[in-house]
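Worksheet: the structure to be examined is printed underneath.
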Amino acid sequence: MSRPVEAIVNLANIRSNFALVGKLAANSRIMAVVKANAYGHGAVPVATALAAADAFGVASLAEAVELREAGITQPVVLLGGVFDRDEMHDVVRYGLQIVVHSGEQFGHLLAAELRAQIVVWLKIDTGMHRLGFEAQDFAEIRRMLEISGKVKEVVLMSHFACADDVDNATTGHQLAVFETAVASLPGEKSLANSAAVLAYPQSHYDWVRPGIMLYGANPMLRPLQAHEMLVPAMTLRSRLVAIHNIAAGESVGYGEQWRAQRPSRIGTVAIGYGDGYPRHASNGTPVLIGGQRVALVGRVSMDFITVDLTDLPSAASGDEVILWGDGLPVEEVARVAGSISYQLLTGVQKRVRRCYLF
Ligand SMILES: *Cc1c(COP(=O)(O)O)cnc(C)c1O
C-alpha cells in the first residue's frame with residue numbers, strides 16, 4: 001500500500017452548498033470563487049461540477065487559464081486584477097473579466113491595445129483599506145472607464161472586512177458607504193462574500209461571490225442555523241501506521257512536548273505538516289478513529305502525528321483516521337491550531353491524493 005493520505009472531495013456536497021447559496025440569494029447571480037485551487041479542492045473538478053455557476057472567481061491569470069484550458073466556458077473574473085500590463089493580452093485572449101482596484105491597473109487597461117472590449121469589475125474601498133478606489137473618486141473613475149472605449153460593461157464591487165461577525169458595526173458602515181457611492185451609477189453591483197450571503201441579504205445585489213461556504217465550512221463566528229446547513233466537501237484522512245505502549249513519564253515526539261501522565265498507548269498516523277496538517281495543532285486536537293474522537297499528543301512533524309489511543313483499546317494499526325471533514329468540522333481543527341478553515345483547506349499539499357466523489 002502506498003502512503004495512505006487522501007483528501008476525499010465530495011462534489012455533490014459542493015453542488016448542494018451551491019444550491020443553498022441559490023436559495024439564500026435567489027435574486028442574485030452566483031460567482032463561485034475557486035481561487036487557490038478551489039480552496040484546495042481542485043479548481044477544475046470543482047468548476048466542472050458547478051455547471052450552474054454564473055461565473056468563477058480566481059486570483060491569478062494562471063488560475064484562469066487552467067479553467068479555460070479545461071474547457072470551462074463561464075465568465076472567469078481575476079479578483080485581484082492584472083499584476084502587469086502584459087497580462088492584458090491574455091485577458092482578451094482567454095476571454096477573462098478583471099477587477100480594477102487601483103490607478104496603476106487603470107493605467108494598464110488604458111495602455112493596452114485590446115482587440116475586444118472587456119468586462120471590468122470596478123472596486124471601491126468601503127473601509128477594508130486593502131484594495132479599491134476611494135468612494136469620492138469612484139464616480140469619476142467609472143466615467144473615465146466608460147469613455148475609454150475599452151470596456152463593454154462595468155460591475156461595481158466592494159469587499160467586506162468583518163461580515164463573519166454579526167456584532168461588528170463595520171459591515172453596516174461598509175454597506176452604507178457602498179450604497180451611497182453606487183446609488184446613482186448604472187451597472188450591476190456586487191458585495192457579498194460567503195458570510196454576507198448568510199447574514200446580510202441587503203448586500204446581495206446582482207452578484208454574490210461565495211467561496212468558503214461552497215466547500216462546506218462555516219464562514220461565521222456564530223454556529224450555523226437550521227436553514228443554513230452546509231455540508232463539508234473535503235474529508236482529509238489517513239491511517240494508523242504504528243502503535244507504541246509507553247510508561248507514565250515517557251515523552252512523545254520532537255522536543256518531548258508531551259509527556260504521559262499514565263501508561264499510554266500511542267498511535268502514529270501518517271499525516272504531517274508536509275501534507276498541510278497544521279503544525280500548530282496543539283495537544284488535545286481531535287482526530288476521528290472509527291467515529292471516536294482521540295487527542296493529538298506531541299508535536300506535529302512533517303510526515304506523522306501521534307495520538308493517544310489509551311481510551312480506544314480497539315484501535316489497531318491500519319485503521320482509518322479522519323483529520324477533518326466527515327464528523328469533524330475543519331473549523332474546529334483550525335480553531336485549536338490557531339488558524340482558520342481557509343488556511344487549512346488551501347494548505348492541503350500536492351502530495352495528498354485527491355479522490356473525487358460525484
Ligand atoms: C476570496 C474572495 C471572496 C470569497 O470569500 P469567502 O469568504 O471565501 O466567501 C469573495 N470576493 C472576493 C473579492 C474574494 O477575494
Side-chain angles (χ1 to χ4, degrees), residues 14 17-18 20-22 24-25 28-41 43 46-47 50 53-61 63-64 67 75-83 96-102 105 119-133 155-166 168 170-171 174-175 178 188-201 203-222 224 228 230 232-234 330-331 334 339-347:
I14 294 179
N17 297 328
F18 180 87
L20 178 66
V21 176
L24 294 169
S28 307
R29 273 174 290 161
I30 303 174
M31 178 202 295
V33 178
V34 295
K35 62 191 178 190
N37 200 27
Y39 294 46
H41 295 69
V46 168
L50 290 179
D54 300 294
F56 293 108
V58 297
S60 71
L61 185 58
E63 290 179 344
L67 294 181
V76 174
V77 183
L78 301 183
L79 291 171
V82 296
F83 291 84
L96 309 176
Q97 305 185 1
I98 56 171
V99 165
V100 171
H101 66 71
S102 68
Q105 288 186 330
V119 175
V120 166
W121 294 61
L122 188 62
K123 191 162 192 175
I124 175 177
D125 179 9
T126 50
M128 187 168 178
H129 304 322
R130 186 180 63 167
L131 299 176
F133 293 95
V155 184
L156 308 172
M157 70 170 303
S158 186
H159 194 55
F160 284 127
C162 307
D164 56 339
D165 179 3
V166 291
N168 192 314
T170 296
T171 305
Q174 286 193 265
L175 257 168
F178 188 73
E188 295 178 338
K189 295 164 183 89
S190 176
L191 190 48
N193 56 2
S194 295
V197 167
L198 290 169
Y200 295 95
S203 75
H204 289 174
Y205 291 99
D206 302 290
W207 284 93
V208 292
R209 309 190 307 265
I212 193 75
M213 71 185 293
L214 297 175
Y215 310 103
N218 177 8
M220 308 301 296
L221 299 181
R222 62 156 171 79
L224 291 174
E228 301 175 330
L230 297 168
M234 182 198 290
V330 64
E331 304 91 288
S339 184
I340 55 174
S341 60
Y342 299 74
Q343 190 182 23
L344 266 49
L345 294 173
T346 57

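Atoms within a ligand are numbered from 1 in the order they appear, just like the ligands themselves.
Taking any N or O of Lys123, backbone or side chain, none lies under 3.5 Å from an N or O belonging to ligand 1. In terms of polar-atom proximity, defined here as any N/O pair under 3.5 Å, Pro210 makes no such contact with ligand 1. Taking only nitrogen or oxygen atoms, main chain and side chain alike, Leu79 does not reach within less than 3.5 Å of ligand 1. Polar contact with ligand 1: present for Arg209 (N/O pair, distance under 3.5 Å).
Nearest protein neighbour of atom 8 (O) of ligand 1, counting heavy atoms only, is Tyr39 OH, 2.6 Å. When only non-hydrogen protein atoms are considered, atom 7 (O) of ligand 1 lies nearest to Tyr342 OH, 2.7 Å. Ranking protein heavy atoms by distance to atom 12 (C) of ligand 1, first place goes to His159 CE1, 3.5 Å. In terms of protein heavy-atom proximity, atom 2 (C) of ligand 1 is closest to Lys35 NZ, 2.6 Å.
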Exercise for review: Start with the C-alpha distance between Asp125 and His129, add both sets of side-chain angles, then the distance that settles side chain to side chain donor-acceptor pair (under 3.5 Å), and finish with yes or no.
Suggested key: CA-CA 6 Å; Asp125 179 9; His129 304 322; 2.8 Å; yes
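Here Met128 contributes atom CE and Lys123 contributes atom NZ; the two are 7.5 Å apart, rounded to the nearest 0.5 Å.
No more than 12 heavy atoms of other residues, nucleotides or ligands lie within 6.0 Å of CD in Gln343, so this atom counts as exposed by the packing criterion.
A donor-acceptor contact closer than 3.5 angstrom links the side chains of His159 and Arg209.
Of the listed residues (Ala195, Pro219, Ala217, Ser194), the one carrying the non-hydrogen atom nearest atom 9 (O) of ligand 1 is Ser194.
Considering only residues two or more places apart in sequence or on other chains, Phe178 meets the ring pair (Phe, Tyr, Trp, His ring centres under 6.0 Å) condition with Tyr205.
Under a 3.5 Å cut-off, the side chain of Gln105 and the backbone N or O of Val82 do form a donor-acceptor pair.
Residues Phe18 and Ile30 meet the side-chain proximity criterion, which asks for heavy atoms closer than 4.5 Å.
Within ligand 1, the atoms closer than 4.0 Å to a non-hydrogen atom of Ile212 are 6 (P), 8 (O), 9 (O), numbered from 1 in the order shown.
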